[in-house]
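The structure appears right after this line, and notes come after that.
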Amino acid sequence: MLDLKFIRENPDEVKKTLKDRGMEADVDELLCLDEERRELLSRAEELKHCRNTVSDEIGKLKRQEKDASGQIKEMKTASQKIKSLDAKVGDIDKTIRQLALNIPNMPHVSVPVGKSPQDNVEVRRWGEPPKFDFEPLSHRDIADALGIIDFRAASKLSGRGFALYRGLGAKLERALINFMLDLHTTKHGYTEVFPPFMVKRDCMVGTGQLPKLEEDMYRCEADDLFLIPTAEVPITNIHRDEILRAEDLPVYYCSYTACFRREAGSYGKETKGLVRVHQFDKVELVKFVKPETSYQELESLLREAEEVLQQLGLHYRVLSLCTADISFAAAKCYDLEVWAPGERRYLEVSSCSNFSDFQARRAGIRYRPEKGGGAKYVHTLNGSGIALPRTVVALLETYQQKDGSVPIPEVLRPYMGGLDRIEAQN
RNA sequence: GGAGAGGUGGCCGAGCGGCUGAAGGCAGCUGCCUGCUAAGCAGUUGAGGGGUGAAUAACUCCUCCCCGGGUUCGAAUCCCGGCCUCUCCGCCA
């Protein structure tokens with residue numbers, strides 16, 4: 001959510017942002033309501049001031065056992081007026097909030113202006129796509145031949161869009177999780193967090209999944225709990241409605257969780273195999289930082305996510321998303337796309353965003369810049385570090401051999417009991 | 001799931017329906033004092049919003065004692081609903 005005061009003072013900039021993002025929202029109506037609200041508020045406050053002073057007088061009169069029935073009568077009607085004014089202000093507040101929630105974050109000046117994902121800018125590539133002297137297979141065929149992922153069993157259990165990892169496949173998943181967590185906690189200074197996978201509605205609102213994306217979330221109706229779509233939700237909400245101490249910033253958390261997404265409305269080619277599933281594993285990176293450092297922090301967050309792919313030896317590219325493609329809450333966003341030779345395309349495995357104070361305002365996460373100073377909103381950032389299934393896709397497809405075996409990248413071997421390749425199991 | 005208790009400022013902890021935005025303590029900050037040990041004395045220290053204003057200066061007003069309703073001229077204080085925490089019992093991986 002943007003600061004109302006900011007919208008009031010910079011309506012044209014806000015409108016330009018909406019245009020750049022290809023979105024619509026009624027800024028003028030918002031401003032009009034805002035003005036009306038302030039006027040009503042002034043009137044209500046004047047009356048309240050009057051009520052406060054007269055009520056004091058009544059108290060004094062009563063203590064002296066004098067008559068106060070005139071004042072009481074007067075205040076009775078004043079109270080009614082206050083009530084109706086407050087109600088009006090409350091209604092307008094709701095509408096304003098609704099309108100304000102539909103206004104996206106202001107993109108950073110460095111974000112490319114564009115109309116569609118085609119206008120995203122490639123920032124860099126790392127490594128080379130592998131060359132094969134045979135026709136590379138898709139991860140589904142590789143995994144099937146090796147017996148490490150059983151899609152048939154998964155759909156028997158849970159329907160389409162799920163995977164069941166078996167044997168070395170399950171071990172590989174576990175190895176990847178541990179490798180990533182160890183990298184971020186030991187080398188990049190993150191604190192590991194293992195949160196609940198179900199959260200209350202408040203949390204989903206705090207990070208912005210609700211109300212807009214309720215259809216995409218799994219919900220346990222009896223308790224009104226939601227399965228988390230990403231660790232971003234519980235982790236960001238750790239400090240909801242808190243004022244952090246300046247000396248504790250920056251705060252870095254990394255977290256492995258399963259993620260649950262209904263992916264309502266996505267069918268077709270993408271839904272085969274591991275590319276888009278309802279439940280997947282992900283290691284997430286979350287930062288709470290001082291505003292003046294947040295763009296530096298975004299760069300380091302991106303590097304930290306990239307390092308996972310580098311150490312795994314997977315070719316990838318980095319995109320700076322354009323105004324039309326960055327998410328609603330983001331001020332700037334990089335996507336990390338890994339090359340999948342069998343799919344013959346790049347797959348998004350991480351999205352690293354700086355939300356500036358947009359998410360913090362909504363979730364009430366502040367810090368006190370200096371002693372005696374007022375509390376300010378922190379800047380929040382997050383990025384996957386990284387999502388597992390597509391990494392597995394890229395890994396299997398990149399390292400596949402003609403004989404069907406898949407060598408394991410060096411860095412994962414300690415996590416695989418020293419094993420150096422996956423071969424067909426019985 | 002059953003039976004109780006409770007949620008007050010950075011923390012601990014008082015609080016009678018009006019004199020409480022909130023006693024007292026701790027911690028922090030600012031002075032002063034002092035060679036006796038992180039001692040003493042005084043002052044000061046919450047958040048959000050509105051108005052006047054060039055102002056991140058100043059003044060002023062409103063709101064906030066878990067959240068949301070209600071009673072009342074007036075509610076931290078009374079009533080109802082919700083959320084959370086704790087204790088005891090039961091059940092269970």
Side-chain angles (χ1 to χ4, degrees), chain A residues 1-10 30-97 100 194-206 210 219-226 234 237-249 251 288 290-292 357 360-378:
Chain A
M1 196 164 61
L2 289 177
D3 186 5
L4 261 183
K5 207 176 269 175
F6 177 83
I7 300 174
R8 198 185 297 152
E9 285 161 11
N10 307 279
L30 179 80
L31 291 174
C32 184
L33 283 169
D34 178 52
E35 200 165 311
E36 190 183 346
R37 187 192 87 99
R38 293 201 325 269
E39 197 192 307
L40 290 171
L41 197 62
S42 291
R43 277 163 58 196
E45 288 188 351
E46 244 170 73
L47 278 170
K48 281 181 187 174
H49 178 54
C50 169
R51 181 182 68 184
N52 287 344
T53 49
V54 175
S55 287
D56 271 357
E57 280 170 33
I58 294 171
K60 277 175 197 151
L61 288 171
K62 288 238 166 172
R63 253 170 284 135
Q64 294 164 12
E65 302 191 356
K66 287 185 182 159
D67 177 58
S69 54
Q71 284 91 332
I72 289 178
K73 204 171 168 188
E74 199 186 320
M75 285 306 100
K76 198 160 195 165
T77 57
S79 270
Q80 270 157 10
K81 268 188 214 159
I82 289 170
K83 201 174 262 185
S84 81
L85 280 172
D86 273 350
K88 269 187 213 160
V89 172
D91 284 348
I92 292 175
D93 271 341
K94 252 185 226 164
T95 316
I96 287 177
R97 197 179 153 75
F194 190 75
F197 290 4
M198 301 172 85
V199 296
K200 290 187 285 185
R201 181 171 285 272
D202 289 351
C203 293
M204 299 291 273
V205 174
L210 297 183
R219 174 170 168 239
C220 302
E221 197 166 355
D223 302 290
D224 202 29
L225 288 172
F226 293 80
N237 276 285
I238 290 173
H239 296 299
R240 177 156 47 95
D241 294 322
E242 285 184 7
I243 299 175
L244 304 170
R245 297 188 312 173
E247 58 267 35
D248 292 339
L249 296 176
V251 173
F288 300 87
K290 293 181 187 170
E292 58 271 24
D357 61 357
R361 182 171 297 107
R362 191 162 170 149
I365 308 168
R366 291 174 292 176
Y367 77 109
R368 210 178 292 287
E370 52 199 275
K371 286 156 202 139
K376 285 175 66 181
Y377 290 106
V378 300

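The gap from the P atom of B:rG69 to that of B:rG6 amounts to 25 Å, rounded to the nearest Å. The P atoms of B:rC12 and B:rC86 are separated by 14 Å, rounded to the nearest whole Å. Going from the P atom of B:rG13 to that of B:rG17 covers 23 Å, rounded to whole Å. Spacing of P atoms, B:rA23 relative to B:rG43, comes out at 14 Å, to the nearest Å. Across B:rC79 and B:rC88, the matching C1' atoms stand 29 Å from one another, rounded to whole Å. The gap from the C1' atom of B:rG21 to that of B:rC92 amounts to 47 Å, rounded to the nearest Å. Remark: the separation of the C1' atoms in B:rG49 and B:rA38 is 41 Å, to the nearest Å. On the C1' atoms, B:rG90 is 26 Å away from B:rG7, given to the nearest whole Å.
Partners of A:Asp91 under the salt bridge (charged side-chain N to carboxylate O under 4.0 Å, His left out) rule, at least two apart in sequence or in another chain, do not exist in this structure. For A:Asp3, there are no side chain to side chain donor-acceptor pair (under 3.5 Å) partners two or more places apart in sequence or in a different chain. Legend: residues meeting side chain to side chain donor-acceptor pair (under 3.5 Å) with A:Asp34, ordered by chain and number and at least two apart, are A:Arg8, A:Arg38. Under the rule for a salt bridge (charged side-chain N to carboxylate O under 4.0 Å, His left out), the partners of A:Asp224 that lie at least two apart in sequence or sit in another chain are A:Arg201, A:Arg219. Take A:Phe197 and apply the ring pair (Phe, Tyr, Trp, His ring centres under 6.0 Å) test, not counting sequence neighbours, and it matches A:Phe194. A:Glu292 pairs by the side chain to side chain contact (heavy atoms under 4.5 Å, CB included) definition with A:Lys290, A:Tyr367, not counting sequence neighbours. For A:Glu74, there are no side chain to side chain donor-acceptor pair (under 3.5 Å) partners, not counting sequence neighbours. With sequence neighbours left out, A:Asp56 forms a side chain to side chain donor-acceptor pair (under 3.5 Å) with no residue at all.
If A:Gln71 and A:Tyr377 are placed on RNA chain B by their nearest nucleotide, the residue sitting closer to the 5' end is A:Tyr377.
The separation between A:Ile92 atom CD1 and B:rG50 atom C1' is 14 Å, rounded to whole Å. Rounded to a whole Å, the CG atom of A:Leu225 is 12 Å from the C1' atom of B:rC83. One interatomic measurement links the two molecules: OH of A:Tyr367 to P of B:rA47, which rounds to 14 Å at whole-angstrom precision. The nearest whole Å value for the distance from the CD1 atom in A:Ile96 to the P atom in B:rG49 is 14 Å. To the nearest angstrom, P of B:rG48 lies 14 Å from CE of A:Met1. The interatomic distance linking A:Leu47 (CG) with B:rG51 (C1') rounds to 15 Å, in whole Å. In this structure, A:Glu9 atom CD and B:rA54 atom P are separated by 14 Å, rounded to whole Å. A straight line from CG of A:Asp93 to C1' of B:rG48 spans 12 Å, rounded to a whole angstrom.
Base-pair partner of B:rC59: B:rG51 (Watson-Crick or G-U wobble, both distances under 3.5 Å). Base pairing of B:rC64 is made with B:rG46, judged by Watson-Crick or G-U wobble geometry with both donor-acceptor distances under 3.5 Å. Across all strands shown, B:rU85 is found opposite B:rA5 as a Watson-Crick or G-U wobble partner, with both distances under 3.5 Å. Across all strands shown, nothing is found opposite B:rA22 as a Watson-Crick or G-U wobble partner with both distances under 3.5 Å. Using N1 to N3 plus N6-O4 or O6-N4 for Watson-Crick, or N1-O2 and O6-N3 for G-U wobble, each under 3.5 Å, B:rU34 pairs with nothing.
Using a 4.5 Å cut-off on side-chain heavy atoms (C-beta onward), A:Asn237 and A:Val199 make no contact.
Sparse packing is recorded around CD of A:Glu35, with 12 or fewer heavy atoms of other residues, nucleotides or ligands lying under 6.0 Å away.
Non-hydrogen atoms lying under 4.0 Å from RNA chain B are contributed by A:Ser79, A:Lys83, all within residues 77-87 of chain A.
Closest to the A:Lys76 side chain, of the nucleotides B:rC73, B:rC83, B:rG50, is B:rC73.
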Q: Starting from the C-alpha separation in whole Å, work towards a yes-or-no answer on side-chain contact (heavy atoms from CB on, under 4.5 Å) for A:Ile72 and A:Lys62.
A: CA-CA 11 Å; A:Ile72 289 178; A:Lys62 288 238 166 172; 4.1 Å; yes
**Q.** Chi angles and distances behind the side-chain contact (heavy atoms from CB on, under 4.5 Å) call for A:Asp67, A:Leu61
**A.** CA-CA 7 Å; A:Asp67 177 58; A:Leu61 288 171; over 6 Å; no
Got a list of protein N/O to nucleotides 16-19 of chain B N/O distances below 3.5 Å?
residue	atom	partner	partner atom	Å
B:rG18	N2	A:Ser55	O	2.9

Give each protein N/O atom lying under 3.5 Å from an N/O atom of nucleotides 61-67 of chain B, with the pair distance.
residue	atom	partner	partner atom	Å
B:rC61	O3'	A:His49	ND1	3.0
B:rC62	OP1	A:His49	ND1	3.0
B:rC62	OP1	A:Asn52	ND2	3.2
B:rU63	OP2	A:Asn52	ND2	3.4

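For residues 40-50 of chain A, the salt bridge (charged side-chain N to carboxylate O under 4.0 Å, His left out) pairs, not counting sequence neighbours, are A:Lys48-A:Asp86.
Between A:Arg366 and B:rA47 there is no side-chain N or O to OP1 or OP2 distance below 4.0 Å. Contact annotation: A:Arg8 side-chain N/O to B:rG49 OP1/OP2 distance is not under 4.0 Å.
The distance from atom OG1 of A:Thr53 to atom CD of A:Gln71, rounded to the nearest 0.5 Å, is 11.0 Å.
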